[in-house]
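As structure tokens, the structure follows; a few thoughts come after it.
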Amino acid sequence: MACDYAYMEGYQLQPTKSVVLNITNRKRKQDPVSKSFTMGQHEMPSQGEAHIASSEERIHGYNGLDVETMVHLYKIYVSPVTSLWFGANTTYNKLIRTNKNFQKKLLKQILSLPTCVADITINILTGILPIEAQLHIRALGLFNNICNQPEERSTIFNLQEATWYLDNPVKKSLWTSNIKRTVHNNWSKSIVQLLPLYKGLDHLTTENLEKGKIHPLFRINCHSAIDTARLPVKLKLLTGSYILQSKRIKMYKDETDPKCLLCSKDDETVTHFILHCVQLRNIRNKILLETVDIINNLGIQFNELLDNEKLQIILDITPVATSRKLSPASVAKVERQTRRLIYQLHIARYKIVCG
């Protein structure tokens, strides 16, 4: 069944990375029954119930899952396990640093982003807060259970004195929802305030971060194998981690010319690469012609927009879709075309530069 489903959805299963989990009912005193399962012609390895691996390879696979699903799996299976090790200890020790680096590295791999990309971009794109924020939630949850401790006040999260909660007990469900909302709002504001400090993030929207949800770009119905494979290039351009000549000169300065390697006319910026490079004109015009027709039918005159507005639609159409109340089907059509455009431009540039 799994093979048939993978074939219909257009992605490849990994027999060596897929395992059988032996799950037993603890209420029944009986030995687990060991069964063998095959995937195609390969026998799947059996995994004991006490050890469920959460390695990057088993989550990511071979680009087999869309980003939204992988982030959802991380939230459900990986994040709770890593936070269990901390308990109430919120000091910045080696264990916290290790898990913080693990979260950043794994989420960047899920998003197919390089390690050099700004850390706040993964918080914005996935809606997942840093490890410290998760520790604050656990610590404040414990605080609700030990209000008889010496009086303290958390000015950051606007909490009352400990004695106030003794006189006015709060239900645990209400307390949990309140502290999650308060901590999330505090950290969301901190991340958004850092956004202007990073160049190349002009078109990255942050509205989803306030709600704690994954970026709306990943919720667009473009989950085919082809669309998924094209997404990483767009994410690199959206997060300012795609290496163009204008970015390379900031790294090497004297040894690098910011001029476009293809046309040698202007500095190779994101705007130049996507909209103006004459060497990419044929590929761009062919795909843009179809894209502009779709956009014009939505009541947006694409050719009359400024370059910055065009880039916003190409890199992330979600703010335009929200303001103009576009249908999900229309947004998906535009998104498929823009992913195709960016990917084809990327391939053409690579062939010319490396050819």
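The figures here come from the full heavy-atom set of this structure, side chains too, leaving out hydrogens, waters and symmetry mates.
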Atom [atom1] of [X] and atom [atom2] of [Y]: how far apart are they, to the nearest 0.5 Å?
| X | Y | atom1 | atom2 | result |
| --- | --- | --- | --- | --- |
| T271 | N308 | OG1 | CG | 7.0 Å |
| Q193 | I120 | CD | CD1 | 11.0 Å |
| K310 | I314 | NZ | CD1 | 8.0 Å |
| L262 | K351 | CG | NZ | 13.5 Å |
| I352 | C277 | CD1 | SG | 7.0 Å |
| L107 | S79 | CG | OG | 9.0 Å |

Should [X] and [Y] count as side-chain neighbours, where that means a heavy-atom distance under 4.5 Å?
| X | Y | result |
| --- | --- | --- |
| L305 | I313 | yes |
| P258 | E268 | no |
| Q344 | K286 | no |
| F302 | E309 | no |
| I128 | K75 | yes |
| I131 | F102 | no |
| L238 | L201 | no |
| T228 | V67 | no |

Side-chain donor-acceptor pair present, [X], [Y], cut-off under 3.5 Å:
| X | Y | answer |
| --- | --- | --- |
| T269 | D267 | no |
| D66 | T69 | yes |
| T176 | S173 | no |

Shortest non-hydrogen separation from [X] to [Y] and the atoms involved:
| X | Y | value |
| --- | --- | --- |
| L235 | T239 | O-OG1, 2.7 Å |
| R349 | I243 | NH2-O, 3.8 Å |
| L113 | V117 | CB-CG1, 4.1 Å |
| R284 | F273 | NH2-O, 3.5 Å |
| I124 | N208 | O-ND2, 2.7 Å |
| K108 | P114 | CD-O, 3.8 Å |

Under 4.0 Å between a Lys/Arg side-chain N and an Asp/Glu carboxylate O for [X] and [Y]?
| X | Y | value |
| --- | --- | --- |
| E68 | R219 | yes |
| E335 | K234 | yes |
| K259 | D266 | no |
| D119 | K104 | yes |
| E290 | K333 | no |

Between H215 and E207, is there a donor-acceptor pair closer than 3.5 Å when you use the side chain of the first and the backbone of the second?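 Checking the backbone N and O of E207 against the side chain of H215, no donor-acceptor pair under 3.5 Å is found.
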Is it true that a side-chain atom of S241 and a backbone atom of L237 form a donor plus acceptor pair closer than 3.5 Å?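 Checking the backbone N and O of L237 against the side chain of S241, no donor-acceptor pair under 3.5 Å is found.
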Apply side-chain contact (heavy atoms from CB on, under 4.5 Å) to L204 and T121, showing your working. CA-CA 8 Å; L204 182 60; T121 58; 4.1 Å; yes
Determine, stepwise, if the pair H276 / C263 fulfils side-chain contact (heavy atoms from CB on, under 4.5 Å). CA-CA 10 Å; H276 300 310; C263 66; over 6 Å; no
When you look at I317 and T338, which way does the side-chain contact (heavy atoms from CB on, under 4.5 Å) test go after all the steps? CA-CA 9 Å; I317 193 178; T338 54; over 6 Å; no
Would a single hydrophobic cluster contain both L197 and I191, if residues Ile, Leu, Val, Met, Phe, Trp and Tyr are joined by side-chain heavy-atom contacts under 4.5 Å?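 Yes, I191 connects to L197 through the hydrophobic network.
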Measure up the H346 and Y242 rings against each other and bin them: parallel (under 30°), tilted (30 to 60°), perpendicular (over 60°).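 Rings of H346 and Y242: perpendicular, over 60°.
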